[in-house]
Amino acid sequence: MSTVDGAGTVVRAELSQTLREIEAAGLYKRERELTSAQSAHITTTAGPALNFCANNYLGLADHPEVVAAAHRALDEWGFGMASVRFICGTQSQHRDLERAISDLVGTDDTILYSSCFDANGGVFETLFGEQDAIISDELNHASIIDGIRLSKAARYRYRNADLADLEVQLKASAGAHRRVVVTDGVFSMDGSYAPLPGICELARRYDALVLVDDSHAIGFVGATGGGTPEMFGVQDQVDLVTGTLGKALGGASGGYVSGHQEVVDLLRQRSRPYLFSNSVAPAVVAGSLTAVRLAREAGELRERLAANATLFRSLMTQAGFDLLPGSHPITPVMFPGEDGARRAAAVADHMLANGVYVIAFSFPVVPVGRARIRVQLSAAHSEDDVRACVDAFRAAAAAVG
Ligand SMILES: *Cc1c(COP(=O)(O)O)cnc(C)c1O
């Protein structure tokens with residue numbers, strides 16, 4: 001690296017200033033290092049902790065069968081692919097995983113990406129151009145926002161889960177050639193579901209496609225883990241589904257777009273993150289295949305997750321905490337008002353010191369005055385773990401006041 005004065009010195013001084021501003025605004029993010037595998041029971045550099053902030057909904061991140069499948073794949077399929085899919089980066093198991101995901105979500109076909117961020121980055125530009133319109137929920141994930149930016153289509157935004165405003169935007173976008181309504185299946189800061197039946201009904205009326213990013217639902221929402229379209233009984237009305245392997249389905253990495261055959265076939269021809277980025281690693285593919293199988297077969301994992309979420313909600317409500325209503329295992333514990341951000345952070349700190357790891361969120365991640373601790377339940381938690389979390393909330397709230 002150059003040590004002489006020059007343009008670099010100026011840029012680095014500017015960056016230091018930006019970093020100080022982030023710090024002064026209380027927005028500086030620090031990584032907490034785990035010194036164990038991802039699980040309900042972890043250790044961090046702060047000591048042992050019960051983990052209530054992972055997206056490890058089914059507890060598959062360190063599941064023995066998933067780990068064993070990944071071990072076997074290292075021996076059988078090697079470590080890396082050193083190729084994109086269409087050159088020499090497709091093993092039989094990549095196609096097996098795509099078929100397994102199609103079966104899970106009830107679609108014709110599926111195309112894998114390195115992440116759901118990439119899936120959302122590669123889907124809009126390929127399918128929607130200048131003549132088209134994309135109508136997107138205001139709370140959609142950052143990767144959807146970025147993916148839409150890459151497309152030349154006209155953009156319309158509707159208020160979160162607001163069907164009346166969606167209809168206004170559908171009317172405003174009249175005249176576009178192709179139209180698509182885009183929504184997260186589950187909004188991650190609230191644990192709320194998109195109103196898919198109403199969205200599909202409006203989309204049908206205005207002749208628009210529907211795309212659902214089901215990252216926070218795939219594998220555990222719906223009777224067979226097929227996600228929010230399955231839960232709402234609208235699988236046949238949703239045209240495109242995107243999702244991640246990095247949450248309930250083992251939590252390693254990888255994402256997908258799933259849908260009609262022509263859509264997936266065209267994405268294989270034109271979608272840039274698919275064409276120009278490496279294949280998902282063999283051990284991750286094998287572990288994810290096992291995770292998808294376990295998610296489908298193991299109804300008891302989904303049941304335990306639902307039971308834990310219900311128990312947590314009822315104990316916390318009894319204890320007098322203010323929860324956002326809902327049923328998803330994302331359970332926001334609210335700390336409203338001016339002092340909320342400080343209180344939420346103090347409660348989370350107190351809880352970690354007592355061995356329960358939760359994260360407080362405040363502005364700009366959530367609206368001003370709507371600070372919260374987002375608790376995420378897992379099938380890997382025991383009933384005692386859930387009770388310990390509630391006890392830690394009680395003790396922390398008493399200490400913080
Ligand atoms: C987590 C998440 C993503 C990103 O998934 P990765 O596979 O980690 O890139 C995309 N969309 C939504 C809605 C998510 O919750």
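Order of listing sets the numbers, starting from 1, for every ligand and every atom in it.
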Atoms in ligand 1 flagged as close to Asp184, the criterion being non-hydrogen separation under 4.0 Å: 13 (C)
His216: numbered ligand 1 atoms lying under 4.0 Å from its heavy atoms: 15 (O)
List ligand 1 atoms under 4.0 Å from Asp213, heavy atoms only on the residue side. 10 (C), 11 (N), 12 (C), 13 (C)
Does NZ or CZ of Arg32 lie under 6.0 Å from the centre of the six-membered ring of Tyr357, at an angle within 45° of the ring axis? yes
Distance under 4.0 Å to a non-hydrogen atom of Gly254: what atoms of ligand 1 satisfy this? 7 (O)
Can you tell which part of Ser143 has a heavy atom less than 4.0 Å from ligand 1: side chain, backbone, both or neither? side chain
Any Lys/Arg nitrogen of Arg99 or Asp96 sitting under 4.0 Å from an Asp/Glu carboxylate oxygen of the other? yes
So which heavy atom in the protein is nearest atom 15 (O) of ligand 1, and how far is it from that ligand atom? Lys247 NZ, 2.6 Å
Decide, yes or no, whether a salt bridge links Asp391 with Arg394 under the criterion of side-chain N to carboxylate O below 4.0 Å. yes
Closest to atom 9 (O) of ligand 1 among protein heavy atoms sits Phe117 N, 2.9 Å
Salt-bridged, Arg268 to Glu98, with N to O below 4.0 Å? yes
Does the pair Arg72/Glu76 count as a salt bridge with the N-to-O cut at 4.0 Å? no
Counting heavy atoms not belonging to Arg270, are there more than 12 under 6.0 Å from its CZ? no
To which of Asn120, Thr244, Asn55, Val212 does the heavy atom nearest atom 7 (O) of ligand 1 belong? Thr244
List the closest protein heavy-atom neighbour of atom 5 (O) of ligand 1: residue, atom name, distance to the nearest 0.1 Å. Cys116 CB, 3.3 Å
Are Lys29 and Glu23 within salt-bridge range, i.e. N to O under 4.0 Å? no
Is the closest heavy atom of Gly255 to ligand 1 under 4.0 Å? no
Take atom CD of Glu300 as the centre, draw a 6.0 Å sphere, and report whether it contains more than 12 heavy atoms from other residues, nucleotides or ligands. yes
When only distance counts, is Gly246 in polar contact with ligand 1, meaning an N/O pair under 3.5 Å? no
